[in-house]
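Before any comments, here is the structure.
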Amino acid sequence: VQLQASGGGLVQAGGSLRLSCAASGRTDSIYVVGWFRQAPGKEREFVAAFRRQTNSRHYADSVRYRFTISRDSVENTVYLQMNSLKPEDTAVYYCAASTSRLIVSSIYRSAAYDYWGQGTQVTVSS
């Protein structure tokens, strides 16, 4: 499985961006796709995830109601629509995929994911 993240950029506070995570290879083996982010000097943190086996979406409290994760099964792409962006959303955003049927408590852990994209920079100016 290969993942290609894109869509980052510079945006003013209150603006929007849409990130894309395009998967290739054994995409039928992917059960969960997650988005994580890492700001300078901070640990990588969970942002959102989509679980294919339950068609469910999960969000970190810090982004709930502002970010939306969605999937285009035809294009094998998962999107992260980010609205009402804040300066504290500034980070490198990574998409990740798991080939395991993760339980809900596991989707928040970066160690649970098998494949990672290269990251895309999101910068929100105040």
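This is a predicted model, so every value here is computed, not measured.
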Indicate the atoms forming the closest heavy-atom contact of [X] with [Y], along with that distance.
{"X": "Ser106", "Y": "Ala112", "result": "O-CB, 3.5 Å"}
{"X": "Ile30", "Y": "Ala23", "result": "CD1-CB, 4.0 Å"}
{"X": "Gln121", "Y": "Ala91", "result": "NE2-O, 3.4 Å"}
{"X": "Leu102", "Y": "Tyr113", "result": "CD1-CZ, 4.3 Å"}
{"X": "Ser126", "Y": "Pro87", "result": "CB-CG, 3.8 Å"}

Are there more than 12 heavy atoms of other residues, nucleotides or ligands under 6.0 Å from atom [atom1] of [X]?
{"X": "Arg26", "atom1": "CZ", "value": "no"}
{"X": "Arg101", "atom1": "CZ", "value": "no"}
{"X": "Glu43", "atom1": "CD", "value": "no"}

Do [X] side-chain atoms and [Y] backbone N/O form a donor-acceptor pair below 3.5 Å?
{"X": "Ser100", "Y": "Ser98", "answer": "no"}
{"X": "Thr120", "Y": "Ser6", "answer": "no"}
{"X": "Gln12", "Y": "Val124", "answer": "no"}

Less than 4.5 Å apart, side chain to side chain, heavy atoms only: is that true for [X] and [Y]?
{"X": "Arg57", "Y": "Thr68", "answer": "no"}
{"X": "Met82", "Y": "Val122", "answer": "yes"}
{"X": "Ile69", "Y": "Val78", "answer": "yes"}
{"X": "Leu3", "Y": "Trp116", "answer": "no"}
{"X": "Glu45", "Y": "Gln38", "answer": "no"}
{"X": "Tyr79", "Y": "Leu19", "answer": "no"}
{"X": "Leu80", "Y": "Val47", "answer": "yes"}

Note to self: Under the side-chain hydrogen bond (donor to acceptor under 3.5 Å, both in side chains) definition, can you give me all pairs with a residue in residues 84-97, not counting sequence neighbours?
What the structure shows: Arg37-Asp89, Arg37-Tyr93, Arg66-Asp89

Checklist line | Ring centers of Tyr59, Tyr65 separated by less than 6.0 Å | finding: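 Not close enough - the centres of the two rings lie 6.0 Å or further apart.
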
Next item on the list: Decide if the gap between the ring center of Phe46 and the ring center of Trp35 is smaller than 6.0 angstrom.
Entry: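 No, the ring of Phe46 stays outside the 6.0 Å limit from the ring of Trp35, centre to centre.
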
Next item on the list: Report yes or no: is the cationic atom of Arg71 (NZ for Lys, CZ for Arg) under 6.0 Å from the centre of the six-membered ring of Phe50, at an angle within 45° of the ring normal?
Entry: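 Checked: cation-pi criterion not met.
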
Checklist line | Val63 with Leu17, same ILVMFWY side-chain cluster at under 4.5 Å | finding: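 Hydrophobic grouping puts Val63 with Leu17.
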
Note to self: Starting from Val32, can I reach Phe36 by hopping between I/L/V/M/F/W/Y residues whose side chains sit under 4.5 Å apart?
What the structure shows: yes

Next item on the list: Could you tell me the separation between the CD atom of Gln4 and the CG atom of Asn76, rounded to the nearest 0.5 Å?
Entry: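 Gln4 atom CD to Asn76 atom CG measures 14.0 Å (nearest 0.5 Å).
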
Note to self: Using the rule given for side chain to side chain donor-acceptor pair (under 3.5 Å), can you reason through Arg52 versus Tyr31, listing the C-alpha separation, both sets of side-chain angles and the distance that settles it, and then say yes or no?
What the structure shows: CA-CA 5 Å; Arg52 181 166 65 91; Tyr31 285 102; 4.5 Å; no

Next item on the list: Taking atom types as modelled, find out whether Gln2 and Ser24 have a side-chain donor-acceptor pair closer than 3.5 angstrom.
Entry: yes

Checklist line | Donor-acceptor pair between Thr99 and Asp114 side chains, under 3.5 angstrom | finding: yes

Note to self: According to disulfide (SG to SG under 2.5 Å), does anything in residues 20-126 pair up with another residue at least two apart or in another chain? List the pairs.
What the structure shows: Cys21-Cys95

